[in-house]
Amino acid sequence: MAKTKTQFVCQQCGRVAARQMGRCPQCGTFNSMVEQIVAEPARPGARVPLSGARSTPKTLRQIEGDTDARWAVPIHEFSRVLGGGIVPGSLVLVGGDPGIGKSTLLLQAAACLAAGGRRVLYVSGEESPEQVRLRADRLGEPPADLLLLCETDLEAVLAAADRVKPQALVVDSIQTLARADLEGGPGSVTQVRECGLGLLGFAKEAGVAVFLVGHVTKDGAVAGPRVLEHMVDAVLYLEGERYQHYRVLRAAKNRFGSTHELGVFEMGERGLSEVANPSAAFLSDARGGSPGAAVVASLEGSRPLLVELQALVSSSPYATPQRVSSGFDGRRLAVLLAVLERRVGLRLGHHDVFVSVAGGLTLDEPGVDLGVALAVASSFRSRPVRAATVVMGEVSLAGEVRRVMRLPDRVREAVHLGFARAAVPESQAQEAASLGVETVAVAGVRDACERLLEPRAVEDEAEVPGGTGAREPRA
Ligand code: TYD
Ligand code: MG
């Protein structure tokens, strides 16, 4: 090969272009096109060939669909997010920030599977065998027959897997794996894609459940993400605040189950443990009493979760006040603030508004709208939300409170956790009352503010008399 041909490859989505471009025409990412040498045009396409038998079309009925062939993992939270267990022959990507606990989770899952009599191969490209052993020791007595391989070459991994014939294979991480015959170092989009495809072929052909660990870049995506997300059967994200101990496992894509399921774990001295009662975990110990706090019942997949929200409204030193929210969509917050301004008459225009969800959880379900609006109103007026009250309802632009899905499930969970009162949409009041909870039927946000906030304003501790001008107006 005399002449070197080059091409430009987007490191986000894998789009190939003949010339340099500032912005990828496919995924719109800026400065993501990287020049690569085209070594032999045929090579990048060469992938693990599927066997001839698979190329014969069959009718659906001829295919033995063993839908119950899932392996239950004793880690129920993990099992549930996967859709009820591990499907043989599936390829699952587990993404998350560095240090969040991906290796820990998968090593624990691998150990559980091995302890249950499955043949499991754990491949680490990031750590030495001693490091993995140390971690395993920390997590408890490692099962005798969990196989470990520290390797970064795809061919070597596949060869080893062919030899030991595992039922499950963990690759930690896909970014450290490379094919020697391809251009680009480990982690480049070509390598990530080709290694992903190689493992996909292996998973489907050998009927092995393959788990890939993928690191998330600063902008929140798995490096070379789009290329992987398309080919895998499920994408799970392990999330949480690094300095808090709760970890939430969530499915962003799942060909074998719902994407709304959520698994809650706690990182402790001996790895991740399941949180048996996540609702209790996301409620702070001080139940109510302080302005700006509200408890909502959010529906996360098949189960309701009680979560505490906090809002802080304070007069802004800036011409453009700040609106910062963590764990709740910023645009949705803007809508709720506009509703509070126009329909309730709260003058929030010169105030900074901060909203945060307890435990590093992210809420994106309309049923929590009313809780957010109420928390903001509560902080603004320095009037706490009535004690032991759980709030549910979607807020419309007109300021009405709309129905929520599966209200009884939410109310039951609240009762179970000792909440005496539930604020619910007017149209669902009867349904809620029949469940034995004191029901406050609210028609609109204004109504909710009048009936759910304590009549008396309390002094915030920080508001030292004679302090700065950051005093909040009283209603
Ligand atoms: P790790 O699984 O290595 O993260 P990732 O693979 O996502 O990069 O987890 C690393 C963090 O977890 C590290 O900060 C230490 C902490 N940890 C514990 O707190 N307890 C434990 O038992 C283990 C194994 C790790
Ligand atoms: Mg790791």
Side-chain angles (χ1 to χ4, degrees), residues 73-75 77-78 81-82 92-115 120-143 146-152 154 157 168-178 186-187 191-192 195-196 199 210-225 228-229 232 234-252 262-276 281 359-362:
V73 204
I75 310 175
E77 299 287 299
F78 183 60
V81 177
L82 281 170
V92 176
L93 173 68
V94 179
D97 290 330
I100 204 74
K102 300 179 295 296
S103 305
T104 307
L105 176 67
L106 286 173
L107 191 59
Q108 281 181 274
C112 279
L113 283 172
V120 186
L121 174 60
Y122 187 99
V123 177
S124 178
E126 306 198 330
E127 289 162 311
S128 67
E130 292 74 29
Q131 278 175 300
V132 180
R133 172 70 209 245
L134 277 178
R135 184 200 303 269
D137 283 343
R138 212 174 149 181
L139 302 175
E141 185 61 31
L146 174 58
L147 295 163
L148 174 68
L149 174 72
C150 291
E151 181 55 73
T152 55
L154 177 73
V157 169
L169 171 70
V170 177
V171 176
D172 184 4
S173 66
I174 185 72
Q175 277 105 3
T176 54
L177 218 55
Q191 290 286 9
V192 168
C195 292
L199 289 163
V210 178
F211 291 87
L212 307 177
V213 169
H215 289 296
V216 164
T217 54
K218 279 193 215 79
D219 45 2
V222 181
L228 277 180
E229 282 180 2
V232 299
V235 181
L236 312 183
Y237 281 104
L238 189 62
E239 302 167 345
E241 299 291 329
R242 189 148 178 203
Y243 300 104
Q244 286 181 356
H245 45 273
Y246 291 116
R247 300 284 182 273
V248 173
L249 186 70
R250 206 186 262 284
L262 186 130
V264 184
F265 298 92
E266 194 169 352
M267 178 66 92
E269 273 308 301
R270 308 194 61 191
L272 291 161
S273 51
E274 301 176 70
V275 175
L361 201 68
T362 304

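As the structure is a prediction and not an experimental result, all values here were calculated from the model. Numbers here are sequence positions counted from 1. Counting convention: from 1, in listed order, for ligands and their atoms alike.
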Closer than 4.0 Å to some heavy atom of [X] - which atoms of ligand 1 meet that?
{"X": "Gly101", "result": "1 (P), 2 (O), 4 (O), 5 (P), 7 (O), 9 (O)"}
{"X": "Asp97", "result": "7 (O)"}
{"X": "Pro98", "result": "8 (O)"}
{"X": "Arg270", "result": "22 (O)"}

Q. Looking at ligand 1, does Ser173 have a heavy atom less than 4.0 Å from it?
A. no

Q. For ligand 1, is Gly96 a contact, meaning one of its heavy atoms is under 4.0 Å away?
A. no

Q: Measure from atom 6 (O) of ligand 1 to every heavy atom in Ser103, Gly271, Gly268 and give the option owning the shortest one.
A: Ser103

For [X] and [Y], work out which heavy atoms get closest and say how close.
{"X": "Leu113", "Y": "Ala168", "result": "CD1-CB, 4.1 Å"}
{"X": "Leu238", "Y": "Arg247", "result": "CD1-CB, 4.0 Å"}
{"X": "Ile174", "Y": "Cys195", "result": "CD1-CB, 3.9 Å"}
{"X": "Val94", "Y": "Lys102", "result": "O-CD, 3.8 Å"}
{"X": "Ala178", "Y": "Gln191", "result": "CA-OE1, 3.4 Å"}

**Q.** Arg250 (side chain) donor-acceptor with Thr362 (main chain) under 3.5 angstrom
**A.** yes

Q: Classify the contact between Lys102 and ligand 1 as side chain, backbone, both or neither, using a heavy-atom distance cut-off of under 4.0 Å.
A: both

Q. Will you find, in the side chains of Asp172 and Ser103, an N or O donor that is under 3.5 Å from an N or O acceptor?
A. yes

Q) Checking only N/O/S atoms, does Ser103 have one that is under 2.8 Å from the Mg ion (ligand 2)? A) yes

Q. Is any N or O atom of Glu127, backbone or side chain, closer than 3.5 Å to an N or O atom of ligand 1?
A. no

